[in-house]
2 protein chains.
Amino acid sequence: MNILEKISQSQALFSKSERKVAEVILANPQTAIHSSIATLAKMSNVSEPTVNRFCRRLDTKGFPDFKLHLAQSLANGTPYVNRHVEESDGPDEYTKKIFESTMAALEVARQSLDVNIINRVVDLLTQAQKISFFGLGASASVAHDALNKFFRFNVPVVYFDDILMQRMSCMNSSEEDVVVLISHTGRTKSLVEIAQIARGNDATVIGITSKDSPLAKECSLVISLDVPEDTDMYMPMASRIAQLTLIDVLATGFTLRRGTKFRENLKRVKDTLRESRYDKKQQ
Amino acid sequence: MNILEKISQSQALFSKSERKVAEVILANPQTAIHSSIATLAKMSNVSEPTVNRFCRRLDTKGFPDFKLHLAQSLANGTPYVNRHVEESDGPDEYTKKIFESTMAALEVARQSLDVNIINRVVDLLTQAQKISFFGLGASASVAHDALNKFFRFNVPVVYFDDILMQRMSCMNSSEEDVVVLISHTGRTKSLVEIAQIARGNDATVIGITSKDSPLAKECSLVISLDVPEDTDMYMPMASRIAQLTLIDVLATGFTLRRGTKFRENLKRVKDTLRESRYDKKQQ
DNA sequence: AGTCAAGTTGTAATTTTACTACATTTGATG
DNA sequence: CATCAAATGTAGTAAAATTACAACTTGACT
């Protein structure tokens, strides 16, 4: 885990002087990694051994090891998850925080992914007669996006954001069909029911949802995507982005499986759009 | 620049013994960051000062500083932009590449954003009588997502993915209305026309699009979002994610502007969903 | 309030680590 | 093969981190 997050979360664990050290480091981590233990001790108004004890409390081997961890946290593009937006934040602050926590969430999501399952899902998708993408609420737009991607592959794709249409569509599904259900929580009742209907018609049901959820239990195959969600805002944010990126991965896997010739087909689809656009040169 | 890459590229610069050091480090960088200069010297069969000289040749201040740089290169989640998916990539490789390049794209997008414009857009959105989100193709799902977010704020929000509906909606817009148009290229003809119609009806038109595009020219205010897009795949991927994250930023700015009391309102909206879900405990 | 124990913090000595100055080696060139 | 510059190593020095221990807080219980 990112050591900066760990510091801000472990406040309770620290003693008074250790907290002083934590403050100084959090306030200026860049300076911290370039300081010696003596300098840092002086900056925090504590003794050197206190800094050392602080490092060990964070399960590092000592000060140099701690600096290594800190350096990694500070590495470009390794933002910390727990940058919650606060009431007092200005536009520059909340913009930065949201982007950074989104990136961090992607990193976490990537690590939680099971590549073998992705591979099998790509297999199933390439062999499907018809692919359906269903989601509700925030996940509806993800399904919508998936439609947009897979539509270009010249495969029968279906997307509905209406529960009844989703049900009817699943009623008519058959063994060769793949139904992809998207839900962050995996606890949306009507989606679970749809999974059951689809399974009842022998369709392959793939869930993009969280592990061990009711929806996951009803699926033939689950891509579990555990994303740290900032619940302060009462809106799904990072989970959606992770789902979309996963869709990108699946779509990419799909095109790779289909080979180069198929890729040319994609280019043609894209070229078709040209007429609807203003030429780049003409501006 | 990543110091590991730098080492492998600077081979010519090194002396014979220094190259030995480079080899050992490249072979096992994880070990290197946890070794002292003495251990590393022994592993490379060179003297300690040689290791030190090696570090300085790479423009670091000395061995400890070098280790810091190395640690940063090794931090996971340090994405390189130029990780294009290749024909021969397996699932683990393309998954990693897509996630990493998405993260990198977000970082680039964040840096290209103008915070002042974001602030003004948030201003306009909070004051709007009605907010419309329109996009076509891949950007339609982004607009769809925006609907989902702003809908929770108890503001009149409109979203259509049908050109005619979009036009009609804009025809009826007025001075107090804000129309948000989303397009990566900014060269989709019908969207440009819609911008003109909306402007003609005195609505405020906000573009989430690329700078200097035809669409940008027709907007009252443009949030330009320049994203490095992997064109190999002929599909918009990173641009969409950046747009969505921007929507998150706008939505967050919106709620912050409205204050704490408003946030409680959001919680109520979320709680309303409970009935449609399976309880967490019951599983 | 006084005492004691547990926990916290600092001082000073010790050990480890990195760096510097200088000596030796290597190998290329006339 | 003599010479010189570049490369490498040796040994000493300086700096940094860690340890052991002493002094000081804190708060519970008599």
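Computed from a prediction, not measured in an experiment: that's the story for all the values here.
- Between the side chain of A:Glu93 and the backbone N or O of A:Gly90 there is at least one donor-acceptor pair closer than 3.5 Å.
- One N or O on the side chain of A:Thr185 and one on the backbone of A:Arg187 form a donor-acceptor pair closer than 3.5 Å.
- Side chain of B:Lys16, nearest nucleotide from D:dT10, C:dG10, C:dG27: C:dG27.
- Distances shown here put a side-chain N or O of B:Thr50 below 4.0 Å from the OP1 or OP2 atom of D:dG9.
- Of the candidates D:dA17, D:dG9, C:dG10, the closest approach to any side-chain atom of B:Arg53 belongs to D:dG9.
- Here the side chains of A:Thr209 and A:Leu181 are not in contact, with every heavy-atom distance at 4.5 Å or above.
- Residue B:Pro64 places its side chain closer to C:dA18 than to any other of C:dA18, C:dT8, D:dT18.
- In this structure, the CZ atom of A:Arg56 is 10 Å from the P atom of D:dA20, given to the nearest Å.
- At whole-Å resolution of the value, CD1 in A:Ile37 and P in D:dA14 are 22 Å apart.
- A straight line from CD of B:Glu18 to P of D:dA7 spans 8 Å, rounded to a whole angstrom.
- If you measure from atom CZ of B:Arg57 to atom P of D:dA6, you get 12 Å, rounded to the nearest angstrom.
- Rounding to whole angstrom units, CZ of residue A:Phe54 and P of C:dG10 are separated by 15 Å.
- If you take CZ of B:Phe63 and P of C:dT20, they are 15 Å apart, rounded to a whole angstrom.
- In the model, A:Asp65 has no side-chain atom that pairs as donor or acceptor with a side-chain atom of A:Thr60 under 3.5 Å.
- Set against C:dG10, D:dT10, D:dA17, the side chain of A:Val46 has C:dG10 as its closest nucleotide.
- Ring planes of B:Phe54 and B:Phe66: perpendicular class, angle over 60° (limits at 30 and 60°).
- Here A:Asn52 reaches the OP1 or OP2 of D:dT18: one of its side-chain N or O atoms lies under 4.0 Å away.
- Remark on DNA chain C: of its neighbouring residues A:Lys20 and B:Ser35, the 5'-side contact belongs to A:Lys20, judged by nearest-heavy-atom nucleotide.
- Nearest-nucleotide positions on DNA chain C place A:Ser17 closer to the 5' end than the other of A:Ser17 and B:Glu48.
- Atom P of nucleotide D:dA17 and atom CG of A:Asp65 are separated by 13 Å, given to the nearest angstrom.
- Note: NZ (A:Lys61) to C1' (C:dT17) measures 15 Å, nearest angstrom.
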